[in-house]
Every structure is written in C-alpha cells, then in structure tokens.
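Data first, discussion second: the structure below is written as structure tokens.
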There are 2 protein chains.
Amino acid sequence: MTAEPAGPDELDYLSFVEYAVKKTSTRLPAIDAEAMRLVLTLHRVTSALVYDLESAVHRPRGLSWPGFRVLFVLWLTGPMESKRVAELSGMSRAAVSALVNTLERDGLVSRRQADHDRRAVLLSLTDAGRETITNDYRAHNEREQAWAGTLSEAERRTLIGLLEKLMAGSAAAEAKRRF
Amino acid sequence: MTAEPAGPDELDYLSFVEYAVKKTSTRLPAIDAEAMRLVLTLHRVTSALVYDLESAVHRPRGLSWPGFRVLFVLWLTGPMESKRVAELSGMSRAAVSALVNTLERDGLVSRRQADHDRRAVLLSLTDAGRETITNDYRAHNEREQAWAGTLSEAERRTLIGLLEKLMAGSAAAEAKRRF
DNA sequence: CCATAACGATCAAAGCTTTGATTACTCAGG
DNA sequence: CCTGAGTAATCAAAGCTTTGATCGTTATGG
C-alpha cells in the first residue's frame with residue numbers, strides 16, 4: 001500500500017489537506033470535515049492555478065496578476081470609470097487607484113476626467129495597452145486550456161455548474177462584499 | 001425575460017464572466033471559451049470565499065489570512081522548520097520569514113534555532129497562539145459550513161473530486177511550482 | 001582535509017492590499 | 001442660494017508578496 005497515514009514529516013502541499021482533515025476531526029469532533037476539505041481544496045487549486053498563470057504567462061510579459069485583471073476589464077468594456085473597473089475586477093477603489101499609477105507609468109492605461117462628473121476618472125487602454133492585453137490573453141487562454149484539458153467536456157461543465165451554485169448560494173450573498 | 005445580453009453598463013461582478021466569455025469569443029474566435037469560463041469562475045468564487053473568511057472571521061480576531069495559514073499549519077503539525085511551514089502553507093520562505101516577524105511580535109509564534117542544523121529555524125505556537133488558532137478555526141469552520149451548505153452532500157463530493165482531479169492534472173504538474 | 005557547491009534564513013527593493021482619513025465635487029432640502 | 005449629506009478618487013500607514021542578493025552553515029568530491 002502506498003497510502004499510509006503520513007506523519008508530519010512526509011507531508012507535501014497536496015497531502016496536507018487529508019492530514020489536516022483527519023487531525024482536526026479527532027481534535028475537534030464538532031467540525032464539519034467535508035466543508036473543511038472543500039474549502040482547503042478549492043483554495044489550494046486556485047492558488048496553484050493563479051501562481052502558474054502569473055509566473056508563466058503574465059510576469060514574463062511585464063504584467064502583474066492584478067494588472068492583467070484591470071487591463072482585461074478595460075479591454076472588454078472599453079473606457080470606463082475607475083469605480084466600475086473596481087467593481088468588475090473585484091478590487092477596492094483604492095487598490096485600482098494605486099495599481100493604475102503603475103499601469104499609467106508603463107504606458108498601458110490612461111486617465112482622464114469624466115465630462116458628466118468631475119469627481120470621476122475615466123480609464124482607457126492606450127494602443128500599447130490594447131496590444132499587450134491582446135497577446136497576453138492569447139497566451140493566458142492557452143495555459144487555461146492546459147489546465148482545463150485535464151477534465152472531460154462533461155466534467156468541466158459539471159465543475160462550472162457547481163462553482164456557480166456555490167457563488168450564488170446564501171453564504172456568498174450574506175458575505176460582507178467589497179464588490 | 002430577465003436575461004438580456006447585458007451591455008457594459010449593467011454588469012456586476014457575477015455577470016461579468018458571461019459577458020467576458022461572449023465578447024472574447026467574437027473577438028478572438030480561436031480561444032477556448034469553456035476553459036475561460038472555468039478559470040474565471042474558479043477565481044471569482046475563491047476570491048469571494050477568501051475575502052469573506054478573512055473579513056468575517058480572521059481580521060476581527062486579529063489575524064490576517066496568511067497569518068491564519070501559518071498558525072493553522074503549526075497547530076496541526078507541531079513545531080516545525082520554517083522551510084517546511086513554507087512548503088505546507090504554500091508560501092515562499094521569504095514570505096514566511098517576514099510574516100513570522102509579525103506573528104512573533106504579536107506573541108503567537110516563537111522562533112528557535114534547530115539543534116540538528118544551525119541554519120534552520122524551528123517555529124512553534126506559543127500558548128496564546130494555540131488558544132487563538134483553536135478559537136479562530138472553530139469560527140472559520142462555521143463559516144465554511146455556511147458556504148458548503150449551499151450544495152448537497154453528493155454535490156460537495158463531486159466538486160471536491162473534480163478539484164482534486166484538476167490539482168493532480170498535467171498542467172498542475174508542469175506548473176512552475178513554488179511549493 | 002579542504003575547496004566548492006548547495007542550502008536555510010534573512011534582507012532589500014518594488015509592488016499590491018487593506019482600512020481609514022482627506023479632498024473635491026454633486027445633489028437635494030430648506 | 002447655500003448648507004449639509006453623500007460620493008469619487010486619492011493619500012497614508014501598515015502589512016504581505018515577489019525576486020534576487022547576502023551571509024552563515026552543511027555536505028560533498030577530489
């Protein structure tokens with residue numbers, strides 16, 4: 001058998017989930033082990049995925065992951081208020097403001113004052129920004145395909161459906177939202 | 001009908017995924033829309049979940065999300081080398097080092113030199129640290145249950161299985177790993 | 001035995017994040 | 001009008017992240 005109840009010394013990032021669930025269950029019997037396993041696994045898969053995309057696709061092309069997210073939104077929607085970009089990219093307004101300092105310095109995004117409201121700032125892609133995000137997204141999607149390719153067509157649909165259900169659920173609705 | 005093909009102005013964090021997939025598909029027909037939808041959804045769900053856990057559970061108790069992860073590992077494994085904590089918590093060694101400065105200052109973790117290797121640093125929970133993480137994790141798990149409760153028992157198992165498959169897949173294996 | 005490579009932790013610089021001011025502007029009621 | 005509430009962006013302080021350099025310790029091959 002290869003599946004021994006690994007002690008702390010043989011653990012790695014993957015097997016840690018199983019170890020954590022077992023250990024916690026004996027220590028605090030009242031906890032819900034299945035919920036624990038779900039959240040731990042979800043977090044670890046997503047972290048690995050984002051780390052891979054950022055380090056393999058975006059950083060080599062001069063973008064950070066947050067920078068990519070902002071360019072992506074602007075690429076799809078066209079010029080848009082800073083506030084809306086924050087909402088759609090899932091960042092705070094302050095974070096967008098700070099991030100756009102970098103993107104503007106790098107010549108990828110430009111700021112301009114909105115006509116209808118002088119408090120608002122309109123963000124748009126520069127030509128260089130559009131060029132960057134177009135190529136960057138192509139590479140991004142290739143890498144996405146490599147990940148998604150592990151699952152069958154049916155499995156992918158199932159997974160997406162379950163994630164959407166989770167997102168639409170009551171806990172998500174109650175959640176203190178920034179979005 | 002409520003499902004109109006929302007333009008950029010009616011979008012929110014949720015409906016953005018659908019909008020992005022449609023728009024990108026017409027613009028770059030070569031991309032794999034299903035892979036795109038999977039990665040976007042996975043990232044958005046996980047971000048919302050982590051944001052909720054951090055803001056509703058951990059921050060109010062004086063822990064950051066990364067701080068929680070480190071305490072959690074030490075709580076389960078017992079005293080452990082800094083390098084191993086980094087591997088199991090999915091952070092770089094430098095990040096652990098910086099983070100432990102804060103945790104040590106707050107009296108939750110203590111550092112000591114390893115006997116067998118004078119380069120290595122052994123991290124352990126203080127009594128206050130153990131107390132903190134025990135209570136913190138109980139609240140964390142309650143919130144996890146609220147999220148997981150959206151899905152049926154069978155759906156939870158299916159979702160966990162698919163996430164594990166994704167994690168075990170070839171793309172994950174190729175991925176430039178920090179872990 | 002020793003030179004050199006490998007390794008563990010930390011530091012340094014740059015970037016992104018958060019919350020909580022602050023500043024500038026808009027809007028509605030009196 | 002014009003005052004006060006609300007809103008958009010930015011700033012400030014503190015924290016976490018990354019990569020790459022440095023320093024000390026350990027392991028190894030000649």
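Worth knowing before you read on, the calculation uses all heavy atoms, side chains too, and leaves out hydrogens, waters and symmetry mates.
Following rounding to the nearest Å, Leu99(B) (CG) and dC11(C) (P) show an atom-to-atom distance of 14 Å. Between the CG atom of Asp115(A) and the C1' atom of dT26(C) there is a distance of 15 Å, rounded to whole Å. We find that CG of Leu103(A) is positioned 7 Å from P of dC16(C), with the value rounded to whole Å. Per the geometry, CD belonging to Glu54(A) stands 14 Å off C1' belonging to dT17(C), to the nearest Å. As rounded to whole Å, 15 Å separates atom P of dG15(D) from atom CE of Met91(B). We find that CZ of Arg112(B) is positioned 17 Å from C1' of dG8(C), with the value rounded to whole Å.
Looking at residues 125-134 of chain A, you'll see that no heavy atom sits under 4.0 Å from any atom of DNA chain C. Residues of residues 68-75 of chain B that place a heavy atom closer than 4.0 Å to DNA chain C do not occur.
Every residue two or more places apart in sequence or in another chain that forms a side chain to side chain contact (heavy atoms under 4.5 Å, CB included) with Ala114(A) is listed here: His116(A), Ala120(A), Leu122(A). By the salt bridge (charged side-chain N to carboxylate O under 4.0 Å, His left out) test, Arg93(A) is found to be paired with no residue, residues two or more places apart in sequence or in another chain being considered. Contacts of Glu104(A) classified as side-chain hydrogen bond (donor to acceptor under 3.5 Å, both in side chains), with partners at least two apart in sequence or in another chain: Arg111(A). Take Arg118(B) and apply the salt bridge (charged side-chain N to carboxylate O under 4.0 Å, His left out) test, not counting sequence neighbours, and it matches no residue. For Asp127(A), the salt bridge (charged side-chain N to carboxylate O under 4.0 Å, His left out) partners are Arg130(A), not counting sequence neighbours. Legend: residues meeting side-chain hydrogen bond (donor to acceptor under 3.5 Å, both in side chains) with Asp106(B), ordered by chain and number and at least two apart, are absent.
In Lys23(A), the NZ atom is crowded: over 12 heavy atoms of neighbouring residues, nucleotides or ligands sit closer than 6.0 Å.
Map Gln113(A) and Gly67(A) each onto its nearest nucleotide of DNA chain C; the residue landing nearer the 5' end is Gly67(A).
Rounding to the nearest 0.5 Å places CZ of Arg157(B) at 12.0 Å from CG of Leu159(B).
Side-chain nitrogen and oxygen atoms of Thr102(B) include at least one within less than 4.0 Å of the OP1 or OP2 phosphate oxygen of dC16(D). At dG15(D), none of the side-chain N or O atoms of Ser64(B) fall inside 4.0 Å of OP1 or OP2 (strictly under the cut-off). For Arg59(A) and dT18(D), the shortest distance from a side-chain N or O to OP1 or OP2 is not below 4.0 Å.
For the pair Met80(B) and Leu88(B), the minimum side-chain heavy-atom distance is below 4.5 Å. Counting heavy atoms from C-beta outward, Leu123(B) and Leu103(B) have side chains that stay 4.5 Å or more apart. You'll find the side chain of Arg84(B) reaches within 4.5 Å of the side chain of Leu11(A), heavy atoms only.
Axis angle, first five pairs versus last five pairs of the helix from dC1(C)-dG30(D) to dG30(C)-dC1(D): 10°, rounded to 10°.
Applying the side chain to side chain donor-acceptor pair (under 3.5 Å) test to residues at least two apart or on different chains, the pairs with a partner in residues 24-38 of chain A are Glu18(A)-Arg37(A).
Of all non-hydrogen atoms in Arg138(B) and Leu28(A), the two that sit nearest each other are NH1-CD2, 3.3 Å.
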Could you list the donor-acceptor pairs under 3.5 angstrom formed between side-chain atoms of residues 60-78 of chain A and any protein atom two or more places apart in sequence or on another chain?
from, atom 1, to, atom 2, distance (Å)
Arg61(A), NE, Val57(A), O, 3.3
Ser64(A), OG, Gly67(A), N, 3.0
Trp65(A), NE1, His43(B), NE2, 3.4
Arg69(A), NH2, Ser89(A), O, 2.8
Trp75(A), NE1, Thr134(A), OG1, 3.4
Thr77(A), OG1, Val73(A), O, 2.9

Worksheet entry | Under 4.0 Å protein heavy-atom contact, by nucleotide of nucleotides 3-14 of chain D - B base, S sugar-phosphate only | ---BBBBBB---
